[in-house]
Q: 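My structure is below; once you've seen it, I'll send some questions.
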There are 2 protein chains.
Amino acid sequence: MGKRSGETYHHGNLHETLIAAAIELIRDKGPNAFSLRELAKKAGVSHTAPYRHFKDKNALLAAIAETGFKTLTERTRNAAMQFDGNPKQQLIETGVAYVELALDNPEITLLMFGGFIDTEKCPKENLDSEADNAFQGLVNLIESGKQSGVFRNEETELLALATWSMVHGLAMLITGGQLCGIADEPDQVRNLSEKVESLLMEGILLR
Amino acid sequence: MGKRSGETYHHGNLHETLIAAAIELIRDKGPNAFSLRELAKKAGVSHTAPYRHFKDKNALLAAIAETGFKTLTERTRNAAMQFDGNPKQQLIETGVAYVELALDNPEITLLMFGGFIDTEKCPKENLDSEADNAFQGLVNLIESGKQSGVFRNEETELLALATWSMVHGLAMLITGGQLCGIADEPDQVRNLSEKVESLLMEGILLR
DNA sequence: ACATCAATGTTGGCAGTGTATACATAGATG
DNA sequence: CATCTATGTATACACTGCCAACATTGATGT
């Protein structure tokens, strides 16, 4: 008998509920101050119920980071799609999307890249399969840009890595609070992202 | 009278001892698994002794991050000094030093930039005074490079931010394990740093 | 020289944490 | 309808950060 959800012994879909509630908690209090017991209370279950769905706290955090990588892939892909056929603009918009996502979700971004999650050795397996997806989109974009003669004929992986480093660095500086006063508001961030990436395109050397 | 350090009731210089021991612990187990009580045991004092020297755990972490920023400033400045009069090389070596420091101290780097420390709002005060120092060195370097006609005549802060983002992003990707297999060994890292920064110099657009 | 004090260290305790173990419930399956 | 398995609960333990009360000591002033 299912009177109202929450009154039954079995929750129904604790798994997704936990992830959603955890994201909320992390948004509020940061990835550090996040506790499984508080999460369980928020979800209305006993404090050991989450262990039926996640091996341990780390696994839950990894699942959340995974969703973060998914939306990162989505958003950057969408941004690129809107300027199909214009690789330069695509690259810029991809970067802007990357940085803007970080600005929108600073705590989740820290969770994704801040070393909160123990990924044994090199995270080539589960978690970073998604991170690789985002990177792969960048690689494809650059490859096609090279073939249409927009980008230099350097190793594609290198060009992609440079671009990734640039936007990732900007994103992490912002979420880490290092750019307070310079990049607080969304329009500041977009403006900065565009300028910085233009520099990467044009180079900073005088010619 | 100081028979041997450790046998006296008063430790003598717990402050520095704690910081040093804490750095060791963090290196071993990461900034997340670091506990004050274990630190106290390692230092040979009771589990509340650290509170005589640091307001709370966060303050201790902040102090450690501070030392990290100090060595970052030192190392990058040294790297730049070795190529005085050659702004382009200076910029490259500064970046390499930045990334290499992160590779040498991944856990401390995560502590510095990974959002482990609660810095109230914008960390303009204590902690980031040092971070600003490192950035200021970069600004000076670029300013002089502009005046000697090596760098483009763009806003100095923007050029500096672009450079910083680039190396910071590369550093964080490495410490975050995102570049496993690509940048594990020191020589790989140096090589990658140089190439990536060269790209920033020359630009990635075909011309 | 001695009393006083502030700095530094210790003991004990509390609430909160992650997680292991044993038990309870209920939806699915034969 | 019996049984199995997935899911949730209760209890317990070691550990954590931190607070309050107390102990020790080197420095200070008279």
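If you're wondering where the values come from, they're calculated on a predicted model, not measured in any experiment. Numbers restart at 1 for each chain; the letters A, B, ... are given by sequence-line order, proteins then strands.
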Q: Which value, rounded to the nearest 0.5 Å, describes the distance between Phe116(B) atom CZ and Leu110(B) atom CG?
A: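 Nearest 0.5 Å value for the CZ-CG distance: 6.0 Å.
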Q: Whole angstroms only, please: what is the NZ-C1' distance between Lys41(B) and dA14(D)?
A: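 Between C1' of dA14(D) and NZ of Lys41(B): 11 Å.
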Q: To the nearest 0.5 Å, what is the distance between CG on Asp118(B) and CG on Asn58(B)?
A: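 Output value for this atom pair is 5.0 Å.
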Q: Which angle, rounded to 10°, do you find between the first-five-pair axis and the last-five-pair axis of the helix from dA1(C)-dT30(D) to dG30(C)-dC1(D)?
A: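 Roughly 10°, once rounded to the nearest ten degrees.
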Q: To the nearest Å, how far apart are Asn13(B) CG and dG26(D) C1'?
A: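 Rounded to whole Å, this separation is 15 Å.
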Q: Can you tell me how far apart CG (Leu60(B)) and CD1 (Ile19(B)) are? Round to the nearest 0.5 Å.
A: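 Spacing of CG (Leu60(B)) from CD1 (Ile19(B)) equals 6.5 Å.
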Q: What pairs with His15(A) under side-chain hydrogen bond (donor to acceptor under 3.5 Å, both in side chains), at least two apart in sequence or on another chain?
A: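 Per chain and number, His15(A) pairs via side-chain hydrogen bond (donor to acceptor under 3.5 Å, both in side chains) with no residue.
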Q: Have a look at Gln188(B) and tell me which of Leu192(B), Asn191(B), Asp184(B) forms a side chain to side chain contact (heavy atoms under 4.5 Å, CB included) with it.
A: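 Among Leu192(B), Asn191(B), Asp184(B), the one meeting side chain to side chain contact (heavy atoms under 4.5 Å, CB included) with Gln188(B) is Asp184(B).
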Q: Hey, could you give me the CD/OG1 distance between Glu197(A) and Thr94(A), rounded to the nearest 0.5 Å?
A: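 Here the rounded value is 8.0 Å.
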Q: Encode nucleotides 13-21 of chain C as B, S and - characters from 5' to 3', where the letter depends on protein heavy atoms closer than 4.0 Å: B to the base, S only to sugar-phosphate, - to neither.
A: B---BBBB-
Q: Does a salt bridge link Glu74(B) with Lys70(B), judged by any charged N lying under 4.0 Å from a carboxylate O?
A: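 No, this pair does not count.
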Q: Distance check needed: dG17(D) C1' versus Leu18(B) CG, whole Å only.
A: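 After rounding, the gap between these two atoms is 15 Å.
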Q: Could you tell me how far apart Asp118(B) (CG) and dC18(D) (P) are, to the nearest whole angstrom?
A: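 From Asp118(B) CG to dC18(D) P: 10 Å.
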Q: Determine, for Glu202(B) against Arg152(A), whether the closest basic-nitrogen to carboxylate-oxygen distance falls under 4.0 angstrom.
A: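 Not counted as a salt bridge, because no side-chain N and carboxylate O are separated by less than 4.0 Å.
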Q: Can you check the His15(A) NE2 to dA6(D) P distance for me, whole Å?
A: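 Rounded to whole Å, this separation is 16 Å.
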Q: Could you give the CZ-to-C1' distance, from Phe54(A) to dA6(D), as a whole number of Å?
A: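 Those two atoms, CZ and C1', are 15 Å apart.
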